[in-house]
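What follows is a single structure, written as structure tokens, with notes after it.
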2 protein chains.
Amino acid sequence: MNQPVARTRIQRKNIRLISDAALSVFSTYGFRGATVDQIAKEANLSKPNLLYYFPTKEAIHRHLLSTLMDTWLDPLRDMDPDGEPLEEILTYLRRKLQMSRDHPRESRLFANEIVQGAPHILDLLATDLKALVDDKAATLTRWMDEGRINRTDPHHLIFSIWSLTQHYADFEVQVGAVLGPEKPDPYPEAEAYLTTLFTRMLTPDA
Amino acid sequence: MNQPVARTRIQRKNIRLISDAALSVFSTYGFRGATVDQIAKEANLSKPNLLYYFPTKEAIHRHLLSTLMDTWLDPLRDMDPDGEPLEEILTYLRRKLQMSRDHPRESRLFANEIVQGAPHILDLLATDLKALVDDKAATLTRWMDEGRINRTDPHHLIFSIWSLTQHYADFEVQVGAVLGPEKPDPYPEAEAYLTTLFTRMLTPDA
DNA sequence: GTCTATAAAATGATAGAC
DNA sequence: GTCTATCATTTTATAGAC
């Protein structure tokens, strides 16, 4: 039961409980800093019961990463080569920002993994992710060739969208501390700022 | 010897050895994921000898964070209210990018700490860091009032410089995996891209 | 499927010799 | 200042009853 396939109702429910608890704990402490005990307590299960569903701590972590990886890249996959360039890029930007707001734990799970050298997914980054990014970079380059957006480095354009949007989830406590308690939701201003930033960057010069 | 003051030559040398080793280990595994054993081995010292200089694992971590905090904020502190606005901002951007290139472990040490909720420095973020950022945001706002840069949200402008520059250190393995082995140094392109981005964003409209 | 009990290893920290 | 030996605790994982 390495990647458990839920059959019964109770199995599905417990696997969901464990996954949710593990997401909280791994995203807060990283893989090495997380303990099975914490996850079990967070899921309201005994430790042996948890290990009945996932044989090892690493199996839970692997399950989370591979489950989330696809979802995480959907917005980039959906960037339409046949769409209107600036609109496609701004839609991608907004969907990424929305994922930071709605799924900050998922963002921090990946942040922990990558900051710590991506030991569990380095191969995926160098194969699947690289292939997807190279493909989308080619689309961006074509849009630049056609004069529909300003010419710039397409890979670094994608990196900048990642870093700017994920920052609000990954560095949430810092953003909150700097803005102070009277500004509990930074996302409306963030969206306005980032929309302006990329619109100015990419709108073709007159 | 909580924040050890080096007196003899050998003390200074060992404290430097330990600090450097601890920086490597903490930045790779986070506080909870790091072990004293790893740090001792990395420093080529026995574990008890290491604990002769720092009484606990937490003391080493605290020593690193407080030593590095000041250095880390120097570029922002140095942004001159009386300078030429765009030049000051681009200089800040470039110094931050250079810190990512030259001190990626320090960047990842902070990234780990903050992603994991900043348990050891949350108070500093809400006091010292907030005060500094609010002060510089006021300078940016004045520049906007004077029409010397485009009007935008000053706090999110600062956040964007942080996220864009630190990304190259914190997510180094991802950047490397996506760009591939034939592009081992992303910094020249990053600097060109980011310079264009902020120049377009901030240069006042005609 | 779930539990109590526990084995086996790791980890933070200390004792005490030199 | 540095080391070997070791303690106390935490942590991963398993055994076996129900």
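Numbers restart at 1 for each chain; the letters A, B, ... are given by sequence-line order, proteins then strands.
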Reckon B/R32 has a side-chain N or O less than 4.0 Å from the OP1 or OP2 of C/dG12? no
CG on A/L179 to CG on B/D153, rounded to 0.5 Å: 8.0 Å
Side chains of B/Q116 and B/F31, heavy atoms from C-beta outward: is any pair under 4.5 Å? no
Which one, C/dA13, C/dC3, D/dT2, comes nearest to the side chain of B/N14? D/dT2
Taking the six-membered ring for Trp, are A/Y168 and B/H156 closer than 6.0 Å centroid to centroid? yes
Between C/dT11 (P) and B/E58 (CD): distance, integer Å: 18 Å
Distance in angstrom units between B/Y29 OH and C/dG12 P, rounded: 13 Å
Regarding B/I10, tell me which of base, sugar-phosphate or nothing describes its non-hydrogen contacts under 4.0 Å with the strands shown. sugar-phosphate
Does B/D185 come within less than 4.0 Å of B/R101, counting only side-chain N to carboxylate O? no
To the nearest Å, give me how far apart NZ (B/K57) and P (D/dA8) are. 21 Å
For D/dG1 and B/Y52 - does any side-chain N or O of the residue sit under 4.0 Å from the phosphate oxygens OP1/OP2? yes
Whole-Å distance, B/H61 NE2 to C/dT11 P, equals 17 Å
Spacing between B/D37 atom CG and C/dA9 atom P, to the nearest angstrom: 16 Å
note: B/I15, atom CD1; D/dT2, atom P; distance rounded to Å ~ 11 Å
Looking only at C/dG12, C/dG1, D/dC3, the nucleotide nearest the A/Y53 side chain is C/dG1
Among the nucleotides C/dA13, C/dT11, C/dG1, which one has an atom lying closest to any side-chain atom of B/T35? C/dT11
For A/A40, report the nucleic acid contact type (base, sugar-phosphate, nothing); a contact means any heavy atom under 4.0 Å. nothing
Can you check whether A/S46 has a side-chain N or O nearer than 4.0 Å to OP1 or OP2 of C/dC3? yes
Is it true that A/R77 and A/D70 make a salt bridge, defined as a side-chain N closer than 4.0 Å to a carboxylate O? yes
How many Å lie between CG on B/L50 and P on C/dT14, as a whole number? 13 Å
Report the distance from atom NZ of B/K41 to atom P of D/dC3, rounded to the nearest whole Å. 14 Å
Under 4.0 Å from OP1 or OP2 of D/dC3: is there any side-chain N or O of B/N49 that close? yes
Closest to the side chain of B/V36, out of C/dG12, C/dC3, D/dG1, is C/dG12
